[in-house]
Amino acid sequence: MKQIVTRFPPSPTGTLHLGGARTALFNWLYARKNNGKFIFRLEDTDLERSRQEYVDQILCAMEWLGLSYDEGPYYQTKRFDVYREFAKKLYEAGKAYYCTCTPEELDAMREKAMAEGGKPKYDGRCREKKLPPGPGAALRLKIPLTGHTSFTDVVRGRITFPNEELDDLVILRSDGTPTYHLAVVVDDITMGVNTIIRGDDHVSNTPRQVLIYQALEEPLPVYAHVPMVLGPDKKKLSKRHGAASVMEYRDMGFLPEALLNFLARLGWSCGDQEFFTREDLVEKFSLENLGRSAGVFDADKLLDLNAAHIRAASPESLQEPLLYHLRKMGLPEPAPAALPAIIRTLQPRSKTLAEMAEKAAFYLRPEVAFDEKAVEKHLNTEAEPLLAAILDKVSRADFGDEKALEAAFAAVMETFSLGFGKLAHPVRVALTGGTVSPGMFEMMQALGKEKTLDRISDALDRIRTGRGFRA
RNA sequence: GUCCCCAUCGUCUAGCCUGGCCCAGGACACCGGCCUUUCACGCCGGCGACAGGGGUUCAAAUCCCCUUGGGGACGCCA
């Protein structure tokens, strides 16, 4: 069996968005799953709209997502000679011809066709003129006037287009540059691409490309057109739906694994499984389980998946990404050794890394930021003896042992005949400034003995001296 | 307008090819409850869909046709 070769060919006319990322993912998965090859190519033949900053952003996004490629990035602008060579072949074989129609003439033709109730298309008026190449002349592919063009799509089955619907497409512009259709086909042929997984907005382009393959007498690749990703209003996903570009998700605190998991499940399924690691996906991906209908992007589901991936991750693997958000928030950097413990306490309660960074703030800030209401309710004179007692017990406890901390609290509860809650609330406020936090003991351990004692005695101090708490 | 594609809970989907196990299963969201030192996590329960109409068949979410709805494509853009 031949090696599977897939590719992802974005055009650098915008950032990598979710739809593109999913297409890239499917191609990557299929290649990895089959020990195939994944090629990355930039379709930058539109000199007007292509921009270097987009190239950079796409490269960066691919890297962040971890979609490694075996070949590339190739740039179509560096391969013009190849396309011209193929175009020449077509011209010399009489399968393509030059056309000198002006844009105005073309517009008029389309309008006329439309008025007659047909499809707007080129009427082929230069087809038999045998015009020579030259300035102002574009090369068009001569396609059959009658009959049908069909191809088999792995997800949709056989798709057939009447040739009358098609027109003689331009393959070389009058300035000699290749158009999209020629460039993709030539690239895919010369790069050995045999499996094309792409958005289904390309199905109506496919017969044109099939015709180019046929004119070139090359075998067709396997096509798999995946449904589009839609916004909540069921329109093609775009900037107007909020964050559409991949890198924005990193900044919002998403894990690439979570985004990949989410994207994979949008348009693909594997029974009832919802949570997938990268390895799961590679192992279980198959073209057969791709869906046929368009899917709406659901931010809540992404968030849920992200939370699940955060929970499942090792604290160590979360360090770097969390640091990114901590720095962005201008928080003091924690000692590297202290970070995993902090992360561990926050994992079950953070849906994003940005949220985790916010929740980590109390551990890191030199001064506790007190919430006024919490102070009023829990750090009053009533709490004073409690805090004094707990400070005493805790100062003699071994912080490496959660049981010791528990025992310290139990002793104070006993002395005052109080429930855990009555005691925990003031301590929590003293330690964190607020009423919401990770579990008491794991939190104290992550905070460390020194800070824990400091903060309790500081709170005590404030109560005794009547010194105000400031947020 | 013309052509192509699609159609299961609000959303992502399983089931459809190879009809009966489906008065349709899972997940997210939402609503209750449990657990509990707070917030989460977790667990239990609830709400909620085969677009409509015709066929075929003993039997249709599953097969066929029509309607409706949605999407995409019709560039010397990709």
Side-chain angles (χ1 to χ4, degrees), chain A residues 9-14 43-46 48-50 76 99 101-103 106-107 110 113-122 136-140 153 156-157 159-162 164-167 169-181 183-184 199-208 225 227-228 230 232 234-236 262 265-275 288-289 291-305 307-308 311 346-351 359 374 409 419-425 427-429 432 434-441:
Chain A
S11 73
T13 53
E43 310 218 324
D44 55 351
T45 56
D46 185 345
E48 297 282 303
R49 298 192 301 149
S50 295
Q76 291 190 323
C99 164
C101 292
T102 62
L106 262 15
D107 282 345
R110 289 192 194 98
M114 196 85 110
E116 287 167 358
K119 202 157 192 156
K121 54 177 203 172
Y122 175 66
L139 188 64
R140 286 181 185 275
D153 184 293
R156 280 148 216 282
I159 299 175
T160 301
F161 286 79
E164 296 95 89
E165 286 301 317
L166 278 16
D167 61 3
L169 66 150
V170 170
I171 54 178
L172 232 43
R173 300 187 186 99
S174 48
D175 64 3
T177 60
T179 61
Y180 161 70
H181 291 290
V184 241
D200 76 7
D201 46 340
H202 281 289
V203 325
S204 22
N205 287 150
T206 307
R208 296 169 212 284
H225 287 96
M228 309 256 72
L230 273 23
K234 308 215 176 190
K235 300 275 184 222
K236 198 167 170 173
F262 171 78
R265 278 289 290 105
L266 223 188
W268 174 82
S269 62
C270 182
D272 283 341
Q273 188 172 346
E274 298 284 350
F275 183 91
E288 289 69 45
N289 293 319
R292 291 152 302 260
S293 50
V296 172
F297 169 79
D298 180 7
D300 280 330
K301 187 122 183 175
L302 206 209
L303 212 47
D304 177 70
L305 239 17
R311 265 179 262 132
L346 266 14
Q347 275 176 294
R349 50 203 109 223
S350 308
K351 283 184 187 296
K359 292 197 154 109
F409 273 71
F420 187 83
K422 291 283 183 223
L423 181 55
H425 285 300
V427 177
R428 174 174 293 109
V429 179
T432 71
T435 53
V436 174
S437 82
M440 188 58 67
F441 308 120

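Throughout, protein chains are lettered first and strands after them, A, B, ... in sequence-line order, and every chain is numbered starting at 1. No experiment lies behind these values; they were computed from the predicted model shown.
Separating the P atom of B:A78 from that of B:C16 is a span of 41 Å, rounded to the nearest Å. Distance check on atom P: B:C63 versus B:A7 gives 10 Å, rounded to whole Å. With both ends at atom P, the span from B:C12 to B:G72 equals 15 Å, rounded to whole Å. Comparing B:C34 with B:C39, their P atoms are spaced 13 Å from each other, to the whole Å. Comparing the same atom, P, in B:C28 and in B:U62 gives a spacing of 28 Å after rounding to whole Å. Look at the C1' atom in both B:C23 and B:C9: the space between them is 15 Å, to the nearest Å. Distance check on atom P: B:G25 versus B:U36 gives 32 Å, rounded to whole Å. Distance check on atom P: B:A27 versus B:C43 gives 9 Å, rounded to whole Å.
Between the side chain of A:Lys119 and the backbone N or O of A:Glu164, no donor-acceptor pair lies under 3.5 Å. Side chain of A:Gln273 to main chain of A:Phe275: a donor-acceptor pair is present (N/O by atom type, distance under 3.5 Å, no hydrogens or angles). Here the side chain of A:Lys359 pairs a donor or acceptor atom with the backbone of A:Arg349 at under 3.5 angstrom. In this structure, A:Thr435 contributes its side chain and A:Ala374 its backbone to no donor-acceptor pair below 3.5 Å. Side-chain atoms of A:Asn289 do not come within 3.5 Å of backbone N or O of A:Cys270 as any donor-acceptor pair.
Applying the 90° cutoff around 0 to the glycosidic angle, B:C50 is assigned anti.
Two residues are said to be in side-chain contact when any heavy atoms from C-beta on lie closer than 4.5 Å; A:Pro227 and A:Ser293 fail this criterion. Side chains of A:Ser11 and A:Asp46 form no contact here, defined as non-hydrogen atoms less than 4.5 Å apart. Within the 4.5 Å cutoff, the side chain of A:Pro438 has no heavy atoms near those of the A:Gln347 side chain.
Of the candidate nucleotides B:A78, B:G26, B:A29, B:A78 has the atom lying nearest to any side-chain atom of A:Tyr180. Nearest to the side-chain atoms of A:Ser11 among the listed nucleotides B:G1, B:A78, B:C6 stands B:A78. Proximity note for A:Arg156 (side chain, C-beta onward) versus B:C74, B:C28, B:C5: the nearest is B:C5. Closest contact between the side chain of A:Lys119 and the listed nucleotides B:C76, B:C16, B:U2 involves B:U2. The side chain of A:Met228 lies closest to B:G71 when the candidates are B:C74, B:C4, B:G71. Taking only side-chain atoms of A:His202, from C-beta outward, the nucleotide of B:U11, B:A78, B:G75 with the closest atom is B:A78. Among the nucleotides B:C4, B:A27, B:G75, the one closest to the side chain of A:Lys301 is B:A27. The nucleotide whose nearest atom lies closest to any side-chain atom of A:Ser204 is, among B:C28, B:A73, B:C76, B:A73.
The residue A:Thr177 sits apart from the nucleic acid: no heavy atom pair falls under 4.0 Å. Among the atoms of the strands shown, base atoms are found under 4.0 Å from some heavy atom of A:Glu274.
B:C43 and B:G33 make up a base pair, with Watson-Crick or G-U wobble contacts both under 3.5 Å. Across every strand in view, B:A61 sits unpaired, with no contact that passes the Watson-Crick or G-U test at under 3.5 angstrom. Across every strand in view, B:A78 sits unpaired, with no contact that passes the Watson-Crick or G-U test at under 3.5 angstrom. Shown here, B:C17 forms no base pair; nothing in the strands shown gives a Watson-Crick or G-U wobble contact with both key distances under 3.5 Å. Pairing of B:U68, defined by two Watson-Crick or G-U wobble distances under 3.5 Å, is identified with B:A7. Remark: B:G48 base-pairs with no nucleotide in the shown strands. Criterion, Watson-Crick or G-U wobble with two distances under 3.5 Å.
A sub-4.0 Å separation between OP1 or OP2 of B:A78 and a side-chain N or O of A:Thr45 is present.
The CZ atom of A:Phe275 sits 13 Å away from the P atom of B:C28 (whole-angstrom rounding). Atom CG of A:Leu230 and atom C1' of B:C6 are 11 Å apart (whole Å). Atom pair A:Asn289:CG and B:C16:P shows a separation of 11 Å (rounding to whole Å applied). B:C28 atom P lies 5 Å from atom CG of A:Asp304, rounded to whole Å. Whole-Å rounding puts the A:Arg292 CZ to B:U62 C1' distance at 12 Å. Here the P atom of nucleotide B:C5 and the CZ atom of A:Phe161 are 7 Å apart, to the nearest Å. One atom, CG of A:Leu305, and another, P of B:U13, lie 13 Å apart when rounded to the nearest Å. When rounded to the nearest whole Å, the span between CD of A:Glu48 and C1' of B:G75 equals 14 Å.
Contact annotation: side chain of A:Asp272 to base of B:G25, donor-acceptor pair present below 3.5 Å. Donor-acceptor pairing under 3.5 Å, judged by distance alone, is absent between the side chain of A:Asp44 and the base of B:A78. For A:Ser174 against B:C76, a side-chain-to-base donor-acceptor contact under 3.5 Å is present.
Comparing A:Val203 and A:Gly291 against RNA chain B, the residue whose closest nucleotide sits nearer the 5' end is A:Val203. Position along RNA chain B of the nearest nucleotide to A:Arg208 versus A:Arg265 favours A:Arg265 as the more 5'-ward residue.
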Show every donor-acceptor pair shorter than 3.5 Å between a side-chain atom in residues 296-304 of chain A and any protein atom, with sequence neighbours excluded, or say none if there are none.
residue	atom	partner	partner atom	Å
A:Asp298	OD1	A:Asp300	N	3.1
A:Lys301	NZ	A:Glu274	OE1	3.4

A correct 5'-to-3' footprint of nucleotides 31-44 of chain B, with B, S and - meaning base, sugar-phosphate only and no protein heavy atom under 4.0 Å, is ------BBBBSS--
Notebook entry, point to check: Is there a side-chain contact (heavy atoms from CB on, under 4.5 Å) between A:Thr206 and A:His225 once you walk through the steps?
Noted result: CA-CA 10 Å; A:Thr206 307; A:His225 287 96; 3.2 Å; yes
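None of A:Thr177, A:Thr179, A:Leu139 except one satisfies the side chain to side chain contact (heavy atoms under 4.5 Å, CB included) rule with A:Leu172; the exception is A:Leu139.
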